[in-house]
Trainee: 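Please read through the structure below; I'll follow up with questions.
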There are 2 protein chains.
Amino acid sequence: MAQKIKLSTIAESLGVSTATVSLALRDSPLVADTTREKIKDQARALGYIYNRRAASLRTSRSGIIGVVVHDIMNPFYAEILRAIESELDRNRQTFILSNHYDSVEKQRTFLETLLQLGSDGVIMSPAIGTPRDDLLLAENNGMPTILIARSVPDIDVPTFRGDDAYGIALATNHLIGLGHRVIAMIGGTDQTSTGRDRYQGYVDALKKAGIEVDPVLRIPGPRTKQGGFEAAVNFLSMPQKPTAAVCWNDLVAIGLMNGIQRAGLVPGRDISVTGYDDLEEASIATPALTTVWNGQSEVGRMAARALLDKLAGSHAEDYLHLIKPEMRIRQSTAPLHPR
Amino acid sequence: MAQKIKLSTIAESLGVSTATVSLALRDSPLVADTTREKIKDQARALGYIYNRRAASLRTSRSGIIGVVVHDIMNPFYAEILRAIESELDRNRQTFILSNHYDSVEKQRTFLETLLQLGSDGVIMSPAIGTPRDDLLLAENNGMPTILIARSVPDIDVPTFRGDDAYGIALATNHLIGLGHRVIAMIGGTDQTSTGRDRYQGYVDALKKAGIEVDPVLRIPGPRTKQGGFEAAVNFLSMPQKPTAAVCWNDLVAIGLMNGIQRAGLVPGRDISVTGYDDLEEASIATPALTTVWNGQSEVGRMAARALLDKLAGSHAEDYLHLIKPEMRIRQSTAPLHPR
DNA sequence: TCTGTTTATTTAAACGCTTTAAATCATGTC
DNA sequence: GACATGATTTAAAGCGTTTAAATAAACAGA
């Protein structure tokens with residue numbers, strides 16, 4: 001790198017003004033075709049690198065979109081991110097990613113960073129306990145915000161997520177239909193809207209079937225394989241002897257199945273297990289996991305689309321967008337075994 | 001947002017110059033304590049947001065570090081990223097992430113974006129087939145580069161990765177020690193340095209034990225669970241009747257074990273399987289996976305550290321840093337069964 | 001009171017780009 | 001040849017920071 005090539009370097013070498021060069025490189029119709037070609041060739045020849053900071057300082061558009069989720073390592077979010085990435089890529093936006101691990105502080109720090117960088121907008125799955133001010137921090141500073149996966153009551157921010165109550169009811173009804181009566185619900189928390197909705201979906205489905213709801217059968221816990229794995233002991237030693245488990249998500253379900261196998265039982269025969277999300281992994285688990293598709297790809301795609309539209313100036317009127325989950329029946333659930 | 005608060009807004013409201021404000025906010029000893037306090041209070045009161053683009057335009061330091069890997073959804077990279085994240089966080093650097101999915105074009109586009117944004121440096125696990133020019137694209141434009149996980153021959157760029165040949169030899173020797181003689185190697189490619197090293201480690205271990213190497217026993221394939229799962233059919237129908245498999249990584253091993261179970265056999269009893277990486281998941285798989293720890297956390301931490309040091313001006317002399325893998329023996333391997 | 005030092009603050013010039021009004025050029029018409 | 005018209009090009013004013021150099025203020029020593 002001999003020396004920094006900038007617009008003026010090109011301009012001087014060609015005897016035109018920087019204005020012309022700037023215009024030419026961005027295909028403005030104001031500059032003559034021949035000039036444009038000459039300029040583009042020269043730019044290439046000199047190895048010109050567009051300086052976005054300078055441009056963005058001038059235009060106050062950065063081409064950067066921030067994305068915050070709980071944990072990108074969690075395949076559920078990873079699948080959403082994949083969809084966001086592909087949509088943003090198509091629109092030549094750079095995206096900056098961060099985990100908040102449900103730390104409100106880490107989330108705020110990240111939002112502040114985005115503000116400092118002049119991010120054009122942000123897509124976030126808010127950390128548990130996010131104060132209202134933080135949620136609006138971006139929006140109030142001119143950075144449009146879209147929520148995904150988790151929603152916040154009474155807030156006018158576009159939100160995209162699966163219909164949890166409906167989805168869990170699908171899974172619960174499936175088990176009830178197979179004859180199960182003692183059904184536990186494993187994993188997750190009741191501190192998020194998602195958590196409350198899911199529990200509600202489970203409760204409603206049981207009630208509608210005339211099955212009494214026993215709060216002891218609700219075993220909250222980490223939303224990970226490890227969490228499901230560790231819940232197995234507790235689950236198997238319950239005096240109520242549940243014959244089936246509705247799990248918070250696929251990870252918990254797979255962990256639970258591993259735990260059940262360790263105990264010498266066969267999931268999908270001795271115990272029925274449902275997952276939630278339908279991760280890529282669900283279909284190759286052993287036994288293949290009966291689960292509920294939670295629309296990750298749709299959530300990601302639609303959220304990104306919504307943000308891009310908003311940036312382009314369009315104004316949507318609806319805030320909450322619920323994606324309808326769908327049942328995926330595989331081998332981890334079976335009719336209640338006569339014992 | 002009434003109107004943008006900038007340095008000059010604060011300056012005017014306090015009757016000082018913007019220079020003083022700038023200095024004060026960054027704790028320069030050049031400004032008097034009383035003035036500094038006054039300024040900081042005012043900044044907070046007005047809700048001032050530091051404009052990094054402007055600062056970075058001026059200083060040509062952005063505080064941004066780019067990170068490119070094959071696929072952040074792959075837990076192997078995710079574990080590395082976790083370590084990088086925590087190291088960079090500690091040093092208040094923002095990081096921008098991207099997958100290249102082994103597309104040289106996507107990788108180049110990302111590198112160009114980083115250059116445009118004025119990224120301070122880049123940590124990359126180069127895509128298969130990355131041309132030399134691309135590898136040096138960043139470096140040649142003043143953006144220090146660190147390579148991780150994959151290395152490139154004859155190139156003076158600091159590289160951090162596990163010692164693959166040594167690690168795979170560990171796994172292979174472990175199986176040989178258990179009495180296995182027909183050992184397949186499943187998954188992965190021979191197009192990367194990693195691939196060649198791993199195959200070499202496997203071959204060398206076999207040779208050293210006086211076992212003839214049968215190239216048919218090498219089944220390359222995707223480095224995913226799906227890949228391992230699909231390889232099972234092929235693996236189980238081989239005329240050579242392998243009794244053990246050295247897998248490219250844990251994902252392939254877990255997929256393979258799933259496939260073996262589907263066929264009614266029991267991994268860890270009928271067939272011995274080793275993984276590679278020691279992902280969090282390895283220990284909760286059923287059976288718990290015997291594998292080789294590949295130092296993900298170390299690779300990430302050291303790579304980030306090296307980049308930060310380089311940015312701080314220190315000059316390291318060594319280029320290739322090999323992390324020594326370690327054997328983790330669990331239940332997926334067992335002494336050769338008399339049949 | 002004057003000079004020299006130290007401390008505190010300000011001035012002014014970048015950093016590299018975009019944008020728009022105004023200037024220049026080329027062309028065609030009468 | 002004068003003039004209108006349309007096509008190109010350019011000058012200049014920022015965008016919000018940082019920083020070297022200049023200035024001002026305060027203080028001490030003689």
Side-chain angles (χ1 to χ4, degrees), chain A residues 1 3-40 42-43 46-64 112-113 115-120 141-142, chain B residues 1 3-40 42-43 46-64 112-113 115-120 141-142:
Chain A
M1 47 169 309
Q3 137 251 30
K4 267 267 176 299
I5 309 295
K6 42 189 169 174
L7 287 190
S8 64
T9 321
I10 302 178
E12 280 162 25
S13 79
L14 250 34
V16 298
S17 72
T18 63
T20 308
V21 178
S22 170
L23 261 10
L25 290 181
R26 284 171 315 118
D27 291 318
S28 158
L30 289 180
V31 2
D33 290 353
T34 58
T35 322
R36 187 198 344 280
E37 280 317 309
K38 229 174 35 189
I39 290 176
K40 286 194 165 183
Q42 182 74 335
L46 293 178
Y48 170 68
I49 291 174
Y50 178 66
N51 186 328
R52 281 218 224 178
R53 290 117 97 197
S56 144
L57 179 55
R58 178 61 227 247
T59 60
S60 59
R61 265 290 206 132
S62 65
I64 290 178
E112 279 164 3
T113 300
L115 248 12
Q116 296 181 352
L117 289 172
S119 165
D120 293 337
N141 285 88
Chain B
M1 48 169 313
Q3 136 252 29
K4 268 264 177 299
I5 309 294
K6 42 188 170 175
L7 287 189
S8 65
T9 321
I10 302 179
E12 280 161 25
S13 79
L14 249 33
V16 297
S17 75
T18 64
T20 308
V21 178
S22 170
L23 261 8
L25 290 180
R26 284 172 312 121
D27 290 319
S28 159
L30 291 179
V31 7
D33 290 353
T34 58
T35 323
R36 186 197 347 278
E37 280 317 308
K38 231 174 34 191
I39 290 175
K40 285 195 164 180
Q42 183 73 337
L46 294 178
Y48 169 69
I49 290 174
Y50 178 66
N51 186 329
R52 282 218 224 178
R53 290 119 95 196
S56 145
L57 177 56
R58 179 57 226 248
T59 62
S60 60
R61 264 289 205 131
S62 65
I64 290 177
E112 279 165 1
T113 300
L115 247 13
Q116 295 181 353
L117 289 173
S119 167
D120 293 337
N141 286 87

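Proteins get letters first, then strands, A, B, ... in listed order; numbering begins at 1 in each.
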Trainee: Students often get this wrong, so: under 4.0 angstrom with heavy atoms, is Thr20(A) touching a base, only sugar-phosphate, or nothing?
Mentor: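 It contacts base atoms.
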Trainee: Figure out the CD/P separation between Glu37(A) and dT8(D), and round it to whole Å.
Mentor: 14 Å
Trainee: Could you please name the option among dT10(C), dT18(C), dT17(D) that lies closest to any side-chain atom of Thr59(A)?
Mentor: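 Comparing dT10(C), dT18(C), dT17(D) against the side chain of Thr59(A), the answer is dT18(C).
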Trainee: Would you mind telling me which residue lines up with the more 5' stretch of DNA chain C, Ala54(B) or Gly15(B), judged by nearest nucleotide?
Mentor: Gly15(B)
Trainee: Measure the distance from CZ on Arg52(A) to C1' on dT18(C) and round it to the nearest whole Å.
Mentor: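 The distance from CZ of Arg52(A) to C1' of dT18(C) comes to 16 Å, rounded to the nearest Å.
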Trainee: Locate the shortest heavy-atom distance separating Leu46(A) from Ile10(A); write the atom from each residue and the value.
Mentor: CD1-CG1, 4.1 Å
Trainee: To the nearest angstrom, how far is Ile5(A) atom CD1 from dC15(C) atom C1'?
Mentor: 16 Å
Trainee: Which of these nucleotides, dT11(C), dT17(D), dG16(C), is closest to any side-chain atom of Ser17(B)?
Mentor: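 Of the candidates, dT11(C) comes closest.
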Trainee: How many whole angstroms separate atom CD of Gln116(B) from atom P of dG16(C)?
Mentor: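 Computing the Gln116(B):CD to dG16(C):P distance gives 15 Å.
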Trainee: Okay, side chain of Arg36(A), backbone of Ser28(A): is any donor-acceptor separation there less than 3.5 Å?
Mentor: yes
Trainee: Rounded to whole Å, how long is the line connecting atom CZ of Arg36(A) with atom P of dA7(D)?
Mentor: 14 Å
Trainee: Using modelled atom types and a 3.5 Å cut-off, is there a donor and acceptor pairing between side-chain atoms of Arg61(A) and backbone atoms of Asp120(A)?
Mentor: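 No.
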Trainee: Please check this pair: side chain of Thr59(A) against backbone of Ala55(A), looking for a donor-acceptor N/O pair closer than 3.5 Å.
Mentor: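 The answer is yes, because a donor-acceptor pair under 3.5 Å joins these two groups.
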Trainee: Mind checking Ser22(B) for me? I need base, sugar-phosphate or nothing, with any heavy atom below 4.0 Å counting as a touch.
Mentor: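 Base, at least one base heavy atom under 4.0 Å.
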Trainee: Assign Ala19(A) to base, sugar-phosphate, or nothing according to its heavy-atom contacts below 4.0 angstrom with the strands shown.
Mentor: base
Trainee: For Leu7(A) versus Tyr48(A), what's the shortest heavy-atom pair and its separation?
Mentor: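 Reported closest heavy-atom pair: CD2-OH, 3.5 Å.
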Trainee: Take the protein atom NZ of Lys6(B) and the nucleotide atom P of dG14(D), then report the distance between them rounded to whole Å.
Mentor: 10 Å
Trainee: Using modelled atom types only, decide if a donor and an acceptor are shared between the side chain of Ser8(B) and the backbone of Ala11(B) within a distance under 3.5 Å.
Mentor: no
Trainee: Going by number, which of residues 23-35 of chain B have a non-hydrogen atom under 4.0 Å from DNA chain C?
Mentor: Leu30(B), Val31(B), Ala32(B), Thr35(B)
Trainee: When you check the phosphate oxygens OP1 and OP2 of dC15(D), does a side-chain N or O of Ser60(A) lie under 4.0 Å from one of them?
Mentor: no
Trainee: Just how far, in rounded Å, is P of dT17(D) from CG of Leu57(B)?
Mentor: 12 Å
Trainee: Taking atom C1' of dT10(D) as reference, at what distance in whole Å does atom CD of Glu12(A) sit?
Mentor: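 Value for this atom pair: 14 Å.
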Trainee: Using a 3.5 Å distance criterion without hydrogens, assess whether the side chain of Ser62(B) forms a donor-acceptor pair with backbone atoms of Gly118(B).
Mentor: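 Answer holds: yes.
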